[in-house]
Undergrad: 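One structure coming up, written as structure tokens, with questions to follow.
Both ligands and their constituent atoms are indexed starting at 1 by order of listing.
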Amino acid sequence: MKKAIITGITGQDGSYLTEILLKKGYEVHGIIRKSSSFNTGRIDHLYADKDILNKTLFLHYGDLVDTSNLNRLLERIEPDEIYNLAAQSHVKVSFEIPDYTAQVDALGTLRFLDAIREVGLKRVKFYQASTSELFGKVQEVPQSEKTPFYPRSPYGVAKLYGYWIIVNYREAYDIFACNGILFNHESPRRGETFVTRKITRAASAIAAGLQKTLSLGNLDAKRDWGFAPEYCEGMWKILQHKKAEDFVLATGEAHTVKEFVELTFNEIGIELEWKGKAESEKGVVKKIDYSKTEKLLDLNNKSAQYRYNFSKAIKKGDAVIVIDPNYYRPTEVDLLIGDPSKANKLLGWKAKTKFSNLVRLMVKSDMEKIFTRGY
Ligand code: NAP
Ligand code: G4F
């Protein structure tokens with residue numbers, strides 16, 4: 001039975017990767033950090049399973065800023081594979097807490113690599129959650145493993161350190177360490193403050209009559225959005241490749257935030273039109289088709305039926321999208337679109353879920369949650 005350590009197990013990717021590795025027969029050791037409230041929501045279904053908890057899934061307290069803790073865990077577990085997914089992963093927030101972001105995202109990676117040397121784990125394989133944010137102000141379109149980097153945020157700069165320290169330790173100490181340069185990947189488990197989930201959640205709350213408007217920042221930014229579980233399978237494939245190398249994982253297709261908004265509301269049965277420009281731009285309800293809303297719901301469920309009655313509060317002409325400049329970033333990444341051909345050729349990896357299906361599955365999940373539970 002192979003043993004894997006996953007840092008960031010309580011995050012979106014950590015939770016999917018855990019499911020994938022457990023299915024493949026791994027013993028999984030997840031590192032969770034102390035929190036004043038429950039932070040295991042995304043893995044509770046595994047945690048609650050008596051056949052899994054403390055049999056094939058083990059949780060340990062830890063933190064990427066605590067060196068001795070990392071050393072101890074490596075000594076005790078002696079893993080075959082390490083997936084370093086833990087990070088302060090929010091780009092906008094990194095402008096507010098740049099020092100902490102660097103401590104975790106840059107030096108946290110170094111601490112782990114050094115712990116591997118210290119403990120003397122010769123054959124361990126290390127996956128680093130690198131990111132398309134490295135490309136920032138893009139130097140070519142689309143971006144591949146060969147594209148020069150130009151990060152545009154403290155997050156991007158910290159992850160750039162993480163990228164190069166992986167390359168350096170691979171070359172200097174022959175550690176099997178790889179960067180997965182992953183473009184944006186989303187899911188119903190995406191954190192609620194990232195733009196996709198913020199949109200699908202708010203649109204569902206607006207449809208349920210629980211929220212009037214959704215405030216957003218830059219609607220023109222373009223991202224290459226894929227479906228998270230497929231990217232987590234890609235992480236595993238990167239470590240199974242015969243040689244330690246870096247790989248881009250992406251769909252090769254980019255869409256604007258505005259397109260994401262339009263498609264989300266469309267799924268729910270609300271057609272939007274845009275009025276005004278820049279900070280005065282608004283997304284206004286043009287047409288409503290309640291039959292689409294109904295299709296997303298189980299109206300036999302009493303709570304859903306109850307909230308559905310309120311949903312009729314939305315009217316033509318309502319401004320449901322407004323711009324709040326507080327969500328603008330001091331320096332923005334305008335366009336990310338990846339070229340995943342290396343991963344396709346060497347790993348047989350390909351993103352399968354199309355943009356419209358990604359939006360649909362996220363909307364469906366949030367509509368169900370909001371209409372049945374109200375949050
Ligand atoms: P996420 O949902 O924000 O999860 C981040 C995880 O890191 C959480 O489990 C969090 O714990 C943990 N964490 C944060 N600070 C920590 C610290 N100091 N010590 C230990 N754990 C800490 O992120 P994600 O979307 O799953 O992304 C996973 C990784 O891939 C991140 O490194 C991210 O930067 C990178 N990435 C993500 C994308 C994407 O589109 N999702 C694309 C490229 C790269 P809590 O639950 O306690 O907060
Ligand atoms: O959803 P976002 O916050 O994701 P961003 O900045 O692309 O970062 C995510 O993907 C990276 C991979 O490229 C990861 F490394 C990183 O950890 C994270 O997972 O923002 C996407 C775009 C940006 O251009 C932002 O300015 O959406 C724009 N946006 C517009 N309004 C907004 C909002 N973003 C957020 N979070 N909230 C808004 O209200």
Side-chain angles (χ1 to χ4, degrees), residues 6-17 30-43 61-66 69-70 83-94 97 100-101 103-105 107-109 111-112 127-136 143 151-153 155-156 158-159 162 179-187 189-199 202 214-228 231-232 235 248-250 255-258 260-261 321 323-336 338:
I6 302 179
T7 73
I9 192 170
T10 55
Q12 170 190 255
D13 291 3
S15 66
Y16 286 120
L17 182 63
I31 298 183
I32 57 167
R33 48 180 189 161
K34 166 75 183 78
S35 148
S36 64
S37 53
F38 292 115
N39 61 355
T40 52
R42 293 187 181 99
I43 51 167
Y61 280 113
D63 200 298
L64 286 198
V65 299
D66 188 328
N69 163 268
L70 297 180
Y83 295 85
N84 183 32
L85 310 185
Q88 191 303 93
S89 71
H90 204 283
V91 173
K92 175 80 193 326
V93 172
S94 77
I97 48 169
Y100 177 73
T101 304
Q103 286 297 334
V104 179
D105 300 11
L107 295 180
T109 313
R111 286 185 194 103
F112 233 119
Y127 173 88
Q128 165 64 4
S130 192
T131 166
S132 48
E133 277 292 304
L134 301 187
F135 300 119
Q143 298 89 48
R152 293 270 279 174
S153 63
Y155 168 81
K159 285 280 186 178
N179 287 293
I181 308 172
L182 271 50
F183 282 64
N184 300 50
H185 44 278
E186 319 293 313
S187 74
R189 295 186 199 168
R190 183 58 143 153
E192 288 98 350
T193 59
F194 296 97
V195 79
T196 54
R197 186 73 201 292
K198 182 172 166 184
I199 295 167
L214 162 61
S215 302
L216 290 169
N218 179 8
L219 298 177
D220 300 320
K222 282 188 162 177
R223 288 291 181 275
D224 179 328
W225 280 298
F227 184 37
Y231 287 60
C232 295
M235 294 173 188
V248 159
L249 301 186
H255 297 272
T256 59
V257 172
K258 190 181 265 183
F260 200 103
V261 172
I321 309 292
I323 301 298
D324 180 345
N326 284 317
Y327 292 113
Y328 290 158
R329 295 163 185 196
T331 39
E332 173 65 288
V333 172
D334 296 317
L335 162 70
L336 289 175

Undergrad: Just verifying a value: how many Å separate Lys258 NZ and Asn218 CG, rounded to the nearest 0.5 Å?
TA: 10.0 Å
Undergrad: With a 4.0 Å cut-off on heavy atoms, is Arg152 touching ligand 2?
TA: no
Undergrad: Could you report the tightest heavy-atom contact between Ser94 and Ser153, atom names first, then the distance?
TA: OG-CB, 4.0 Å
Undergrad: Is the contact between His90 and ligand 2 made by the side chain, the backbone, both, or neither, using heavy atoms and a 4.0 Å cut-off?
TA: side chain
Undergrad: Donor-acceptor pair, Asp324 side chain versus Asn326 backbone, under 3.5 Å?
TA: yes
Undergrad: Does any N/O atom on Ala221 come nearer than 3.5 Å to any N/O atom on ligand 2?
TA: no
Undergrad: Do Met235 and Leu85 come within less than 4.5 Å of each other through their side chains, counting heavy atoms only?
TA: yes
Undergrad: Please state which protein non-hydrogen atom is closest to atom 5 (C) of ligand 1 and give its distance, to 0.1 Å?
TA: Ala87 O, 3.7 Å
Undergrad: May I ask which of Ala87, Ser89, Ser153 has a heavy atom nearer to atom 17 (O) of ligand 2 than the others do?
TA: Ser89
Undergrad: From atom 11 (C) of ligand 2, work out which of Thr196, Thr131, Ile181 has a heavy atom at the shortest distance.
TA: Thr131
Undergrad: With atom 22 (C) of ligand 2 as the reference point, say which of Arg197, Glu192, Arg223, Glu186 has the nearest heavy atom.
TA: Arg223
Undergrad: Do me a favour and list the nearest non-hydrogen protein atom to atom 31 (N) of ligand 2 with residue, atom name and distance?
TA: Gly217 N, 2.8 Å
Undergrad: Nearest protein heavy atom to atom 24 (O) of ligand 2, by residue and atom, and its distance?
TA: Glu332 OE2, 2.9 Å
Undergrad: Tell me whether Trp225 has any N or O atom under 3.5 angstrom from an N or O of ligand 2.
TA: no
Undergrad: Heavy atoms only: which of Asp324, Thr193, Val261, Asp224 is nearest to atom 37 (N) of ligand 2?
TA: Thr193
Undergrad: Mark up the atoms of ligand 1 that fall under 4.0 Å of a heavy atom belonging to Asn184, in ascending order.
TA: 40 (O)
Undergrad: Identify the residue among Val65, Asp63, Val104 that makes a side chain to side chain contact (heavy atoms under 4.5 Å, CB included) with Arg111.
TA: Val65
Undergrad: For the residue pair Gln88 and Ile97, what are the closest heavy atoms and their distance?
TA: CG-CD1, 3.8 Å
Undergrad: Could you check whether Gln128 and Asn84, counting side-chain N and O atoms only, form a donor-acceptor pair closer than 3.5 Å?
TA: yes
Undergrad: Distance to 0.1 Å, residue and atom name: give those for the protein heavy atom nearest to atom 13 (O) of ligand 2.
TA: Ser132 OG, 2.6 Å
Undergrad: Report, in ascending order of atom number, the atoms of ligand 1 lying under 4.0 Å from any heavy atom of Thr131.
TA: 43 (C), 44 (C)
Undergrad: Going by the atom numbers of ligand 2, which of them fall below 4.0 Å from some non-hydrogen atom of Leu336?
TA: 13 (O)
Undergrad: Test your reading of the model: is there a side-chain donor-acceptor pair from Lys159 to the backbone of Ser89, 3.5 Å cut-off?
TA: no
Undergrad: For atom 6 (O) of ligand 2, which candidate among Glu133, Arg190, Arg329 holds the nearest heavy atom?
TA: Arg329
Undergrad: Measure the distances from the heavy atoms of Tyr155 to every atom of ligand 1 and state whether one is below 4.0 angstrom.
TA: yes
Undergrad: Report, in ascending order of atom number, the atoms of ligand 1 lying under 4.0 Å from any heavy atom of Gly11.
TA: 2 (O), 4 (O), 8 (C), 9 (O), 26 (O)
Undergrad: Write out the residue and atom name of the closest protein heavy atom to atom 3 (O) of ligand 1, then the distance separating them to 0.1 Å.
TA: Ser89 OG, 2.6 Å
Undergrad: With a 4.0 Å cut-off on heavy atoms, does Arg190 reach ligand 1?
TA: yes
Undergrad: What protein heavy atom sits nearest atom 30 (C) of ligand 2, and how far off is it?
TA: Asn218 O, 3.2 Å
Undergrad: Would you say that more than 12 heavy atoms from the other residues, nucleotides or ligands in this model lie under 6.0 Å from the OH of Tyr328, or not?
TA: yes
Undergrad: Hey, does Tyr155 sit under 4.0 Å from ligand 2 if you only count heavy atoms?
TA: yes
Undergrad: Looking at every heavy atom in both Cys232 and Tyr16, which two are closest together, and how far apart are they?
TA: SG-CB, 3.9 Å
Undergrad: Check if Gln103 has a non-hydrogen atom at a distance under 4.0 Å from any atom of ligand 1.
TA: no
Undergrad: To the nearest 0.1 Å, how far is atom 39 (O) of ligand 2 from its closest protein heavy atom, and which atom is that?
TA: Lys198 NZ, 2.7 Å
Undergrad: Tell me which part of Tyr100 gets within contact of ligand 1: side chain, backbone, both or neither, using heavy atoms under 4.0 Å.
TA: side chain
Undergrad: Is it true that a side-chain atom of Asp105 and a backbone atom of Ala158 form a donor plus acceptor pair closer than 3.5 Å?
TA: no
Undergrad: What verdict does the salt bridge (charged side-chain N to carboxylate O under 4.0 Å, His left out) test give for Lys198 and Glu186, after you've listed the backbone C-alpha separation in whole Å, the side-chain angles of each residue and the deciding distance to 0.1 Å?
TA: CA-CA 11 Å; Lys198 182 172 166 184; Glu186 319 293 313; over 6 Å; no
Undergrad: Tell me the closest heavy-atom pair linking Ile31 and Phe112, and the distance in Å.
TA: CD1-CZ, 4.4 Å
Undergrad: Looking at ligand 1, does Val65 have a heavy atom less than 4.0 Å from it?
TA: no
Undergrad: Below 4.0 Å from any atom of ligand 1, is there a heavy atom belonging to Tyr61?
TA: no
Undergrad: Is the closest heavy atom of Ala228 to ligand 1 under 4.0 Å?
TA: no
Undergrad: Among protein heavy atoms, which lies nearest atom 4 (O) of ligand 2, and at what distance?
TA: Asn184 ND2, 3.8 Å
Undergrad: I need the atoms of ligand 2 closer than 4.0 Å to a non-hydrogen atom of Val91, numbered in the order shown.
TA: 6 (O), 8 (O)
Undergrad: Got a donor-acceptor contact below 3.5 angstrom from the Arg42 side chain to the Arg189 backbone?
TA: yes
Undergrad: To which protein heavy atom is atom 27 (O) of ligand 1 closest, and what is the distance rounded to 0.1 Å?
TA: Asp13 OD2, 3.7 Å
Undergrad: Measure Gln12 to ligand 1 on non-hydrogen atoms and call it side chain, backbone, both or neither using the 4.0 Å cut-off.
TA: both
Undergrad: Whether Lys92 and Glu133 form a salt bridge (side-chain N of Lys/Arg under 4.0 Å from carboxylate O of Asp/Glu) is what I want to check.
TA: no
Undergrad: So, is Arg33 polar-close to ligand 1, with some N/O to N/O distance under 3.5 Å?
TA: yes
Undergrad: Any nitrogen or oxygen of Phe194, main chain or side chain, under 3.5 Å from a nitrogen or oxygen of ligand 1?
TA: no
Undergrad: Atom 21 (C) of ligand 2: which of Val195, Leu216, Ile199, Ile323 has the nearest heavy atom?
TA: Val195
Undergrad: Using a 4.0 Å heavy-atom cut-off, say whether Ser132 meets ligand 1 through its side chain, its backbone, both or neither.
TA: neither
Undergrad: Give me the atom names and distance for the closest heavy-atom approach of Tyr231 to Phe183.
TA: CE2-O, 3.9 Å
Undergrad: With heavy-atom distances below 4.0 Å as the criterion, list the atoms of ligand 1 near Ala129.
TA: 29 (C), 30 (O), 32 (O), 35 (C)
Undergrad: Which one of Asn39, Leu17, Leu85 has a non-hydrogen atom at the shortest distance from atom 29 (C) of ligand 1?
TA: Leu85
Undergrad: Considering non-hydrogen atoms of the protein only, which is the closest contact for atom 21 (N) of ligand 1, and what is the distance?
TA: Ala86 CB, 3.3 Å
Undergrad: Does ligand 1 have an atom that lies less than 4.0 angstrom from a heavy atom of Asp63?
TA: yes
Undergrad: Report the part of Lys159 (side chain from C-beta onward, or backbone N, CA, C, O) that has a heavy atom under 4.0 Å from ligand 1; answer both or neither where that applies.
TA: side chain
Undergrad: Closer than 4.0 Å to some heavy atom of Ser130 - which atoms of ligand 1 meet that?
TA: 43 (C), 44 (C)
Undergrad: Work out which heavy atom in His255 is nearest to a heavy atom in Trp225; give both atom names and the distance.
TA: O-CZ3, 3.3 Å
